[in-house]
Each structure stands twice: as structure tokens, then as C-alpha cells.
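Note that the numbering runs from 1 along the sequence shown for the chain.
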Amino acid sequence: MENTYKKILEELKKISFSMSAWDEENFYQEVVKERFISKMNYESRDSCYKECRNTFQKKDLLIKGSVQDKWEKELAAFPKQVEKEGCIWGILMHPAGIWLINLETKPRTNSNFRNSQVVLEIVHGLNTDQKYFKYFSEENVIGLKKNACFFRDIIEYKNNGYKGTEKSWPAYESALKRFLEYYIEDKGDYSNEDNIYDSIQYAFFVEFVKNKTKCHSLKSARNAFFYIKDFMQIKSERKEFDDPGQVSKSFQEFVPKYEMQNVMCVDKLAIALKYLSKNRNGTRNKAILLFLLAFGMERRKLCGLTWDNILFHDGQLDINKKKYPMPTYLLEVLTKLRDQDAARGYIFRNSGGEVLSDGAINIVLSGIAKADRKDVFYTQLSPVNVRRCVAKYLLEHEYPLQKILYLMDIEVYQLGSYLSKKEIDKTFWGTGKDKIICLDGQHPLEKLFGELKQLVEESREGKNDV
């Protein structure tokens, strides 16, 4: 069946390009009606349809052929024509491609990114939705299966539920389409249940990753889970996708032979900082690690910091009018770096004066492994792992959750990436251990940074090293 749809699409593409200029009537008869409507089964099952001025209408669907010079303009006007004819689905066919739209999706008119009603798009010659062409068929749009509704729901989610950025959307969209197509192929159709998403189990996701993807790492499996999780939480009340912790349990074959260590170990961090001090750009590299430990800062934000972000007099970090307390030790290291750098422009630059890239941050941190090649701890000081460990450290020391979100600039919907519900519950109910309650106005890691400073200074070789 897959090959059948592939052949139909190839034929549509070939004949669409066979003429440099189509007459609209000929295009409708030869391309739309003879090769699409007929072969995608819109004339089967019943004969209740009507044709008028190069359009075909059946049930809630309007199919139109157009040869206007600019298909973008024609596509923008198409929803109004579909609505005028009393339909909710529309298929626009043009020599340049094919588009499936649905008027039940609610666009946001104040956002170009979130105002689409295009469910599937095929632009001939571009890498678009060609592999989902079969969902343009009668049975999948208005027939018994209605599987095009899965793709409609993805667009509705993008318009009104998705919390990420436009740049990140393609990864979410691709993962959702591939996962839901797996469900269609192996589990069931959209029309089987009142709420089909209540039938989608987490176990299906595990099968999907293992059988339908080339995933070979726990990180990739987690990424796939998070791309799907929010959508499923909105669509279903069964909570099948609420617990990110289940991913590592489901993919034991991807778990490293050693467990990821908690990097908030003051003795070993002191060794890492002393190692950085002895090498080229030591003060700069120490400041990078201390910034990661203080704020769990992402590489992109770290690279974008300028000296204007540091309020030395107040001991604060100022980013986008949000102010954060800074550990005294970090301020001291930054003061020395400022004196070396003449305090101009970006804080973290290379020897040539250019701002460090994300990759350069990774190189600095990966070099710490040489501090002790026998201890795996020093290989685990990556930005992602440090960020997770900082969040857990703050939680364990009873730093309020809302302040953790603020200090580390974590969106609420991302919280599960750093702290599980189990960890939060454990801290709330108590662990029986002594806890530290951090005072307002002071960085919650001030004590840890003080210990770090003391340990570094006790064994430093140079008197001028901070």
C-alpha cells in the first residue's frame, strides 16, 4: 500500500511539471480529478458529491485545483472558500504542491508562527510531508479511519499548546508525526475511541523508539520522550507520560556502565578549579565553571554575558532586568578577570578577542578530565549534568522551588528535566537529615563557594591566584 501511494504522488509530481503553463480546467480534469480524486478513492463508497468551477465537494471536504502564479496567495485565501462552502477540511492542489487544511484548528492571528491551519503540506521538490501523503486519502480525511485528525491535532497543539520556540518546533513536530504514525500503523485508527489519546500507552512509546527509530542513546530516548510528553499530557488524562524517570528504566541498554555522579562535591570541585588555574586562560576557565555551579547556566547564555551584566558594587548578576545574587568567590574571580581584560564587551573570549562559542565551553570542561584520569567524576562536569545537580542541590537544601526556577531561569514546563516529582516529594516530607535554609539576599551556594575558596587557597602555588 505504501508503494501505491508513493507511485500516485510521483505521478502527480511528474504530470504537474509536464507543462510550463496549465489551463485551470485541464489541470483540474487531468491532475485533480483523474489522478488524485479517483486514485485517492474520493469517488468510491458513495456518489454523494458535487463539482463546480474546478472544485470537488464531498461531506465536509472541499478539493480545489488552482494554477495561479503564486500558490502562497491562493493558499492564504483558501480557508475562506472552504468555510463559505460549509466545509471544515480542504485540499488545495497546485502544480507546485498539495495542501491539506482544517478549519477546526484555532490560529493565533497575532503570531505568524502560530496561525497555521495547514495540517499537511507537500511542496514538489522540497523535503516536506511527502511520506505522509496517504493521509490525504478519503478514508483518512472524511472516511472511516479519519487518521488525518492526528496531524490536525499536532497543528492545534502548535497554535495553542506548545510552549517552546519556533526554532525548536521542527524537532517536536517530526517526533510527534513519527510516533503517531507508528500508532496508526501498529495500534489503531483515530475513529476507534471517543478520545483516542486515552488509548495511547507509554509502552507504545517504548516500542516506537526500539522498533521504529535509530535511537542508540539514553539522551536520544529522553529527547524523544520530551518532544511527545507535553502533547500527550494535554490530550489525555491517563498520565501515561507524566514521569520522565521511567525512560531510563525502559532503556537499560542505553544506560552507561557507571551512574552519573552528583558533581556538587566540594573536595573534587576544588581539585577541578585548581587544575583549571594551572593552565592557559585559567582565571577565565575558573569563572566559567563557577558560573555553571552558581546558576546552572546554559552555554548559550554564558557565552552571551557581558561585563554590563555584572553589578560588582551590589554583588549581583543583571540579565534582562532580572537580578540574581552572586557568590562572593565568583565575584572575586570575575574581578581578577576584569582587571586582566580591561572589562570590555563579552566576558568570555578567546585569545583573539572573539566571544567563546558553545563548543569552546565544552572543550574547557572536557579538559578537566585530565585532573584525575582515574576518577570518572571529572568527566561529568558538563553543562547539562551540572545544571541538573545544581537544581537537586538547591532542592535538597530547602531552597524554595519558585526561587530555583528564578535563579536557574527554568521554565515551569521544563522542571521535570531537572527535578522529578519523587525528589520534590521526598524533600517536602523530609529525609531525616540536617538541612540548610538559605537566607534571602544571599546566594544559596555562598557557603559551598566559601569552602571551595578555602580549599583552593590552601594548596595554591601562586599567591596571586584567586
Qualifying salt bridge (charged side-chain N to carboxylate O under 4.0 Å, His left out) pairs with a residue from residues 310-327, counting only residues at least two apart or across chains: Asp318-Lys323, Lys322-Asp409

No-hydrogen, no-angle side-chain donor-acceptor test under 3.5 Å, Tyr182 and Asn211: no

Lys212: salt bridge (charged side-chain N to carboxylate O under 4.0 Å, His left out) partners, not counting sequence neighbours: none

Partners meeting salt bridge (charged side-chain N to carboxylate O under 4.0 Å, His left out) with Arg349 (sequence neighbours left out): Asp341

Set of residues satisfying salt bridge (charged side-chain N to carboxylate O under 4.0 Å, His left out) with respect to Arg238, sequence neighbours excluded: Glu240

All ring-ring contact (aromatic ring centres under 6.0 Å, His included) counterparts of Phe17, not counting sequence neighbours: His124

Which pairs would a plain distance check flag for residues 68-76, meaning a side-chain donor or acceptor within less than 3.5 Å of a matching protein atom at least two apart in sequence or in another chain?
{"unit_1": "Glu74", "atom_1": "OE2", "unit_2": "Lys64", "atom_2": "NZ", "d": "2.6"}

Summary of salt bridge (charged side-chain N to carboxylate O under 4.0 Å, His left out) pairs that have at least one residue in residues 217-228, sequence neighbours excluded: none

Minimum heavy-atom distance between Arg280 and Ser351, given as atom pair plus value: NH2-OG, 2.9 Å

With sequence neighbours excluded, residues passing ring-ring contact (aromatic ring centres under 6.0 Å, His included) with Phe205: Tyr202, Phe225

Exercise: do Thr105 and Asn102 side chains pair donor with acceptor under 3.5 Å: no

Test item: His94 side-chain N/O and Ala96 main-chain N/O as donor-acceptor pair under 3.5 Å: yes

Residue pairs involving residues 112-134 (criterion salt bridge (charged side-chain N to carboxylate O under 4.0 Å, His left out); sequence neighbours excluded): Glu2-Lys134, Asp129-Lys177, Lys134-Glu181, Lys134-Glu185

Any pair counted as salt bridge (charged side-chain N to carboxylate O under 4.0 Å, His left out), so long as it reaches residues 375-385, sequence neighbours left out: Lys268-Asp375

Listed partners of Tyr197 passing ring-ring contact (aromatic ring centres under 6.0 Å, His included), at least two apart: Phe150, Phe231

Main-chain N/O of His216 paired with Ser220 side-chain donor or acceptor, under 3.5 Å: no

ring-ring contact (aromatic ring centres under 6.0 Å, His included) involving Phe78 - partner list, sequence neighbours excluded: none

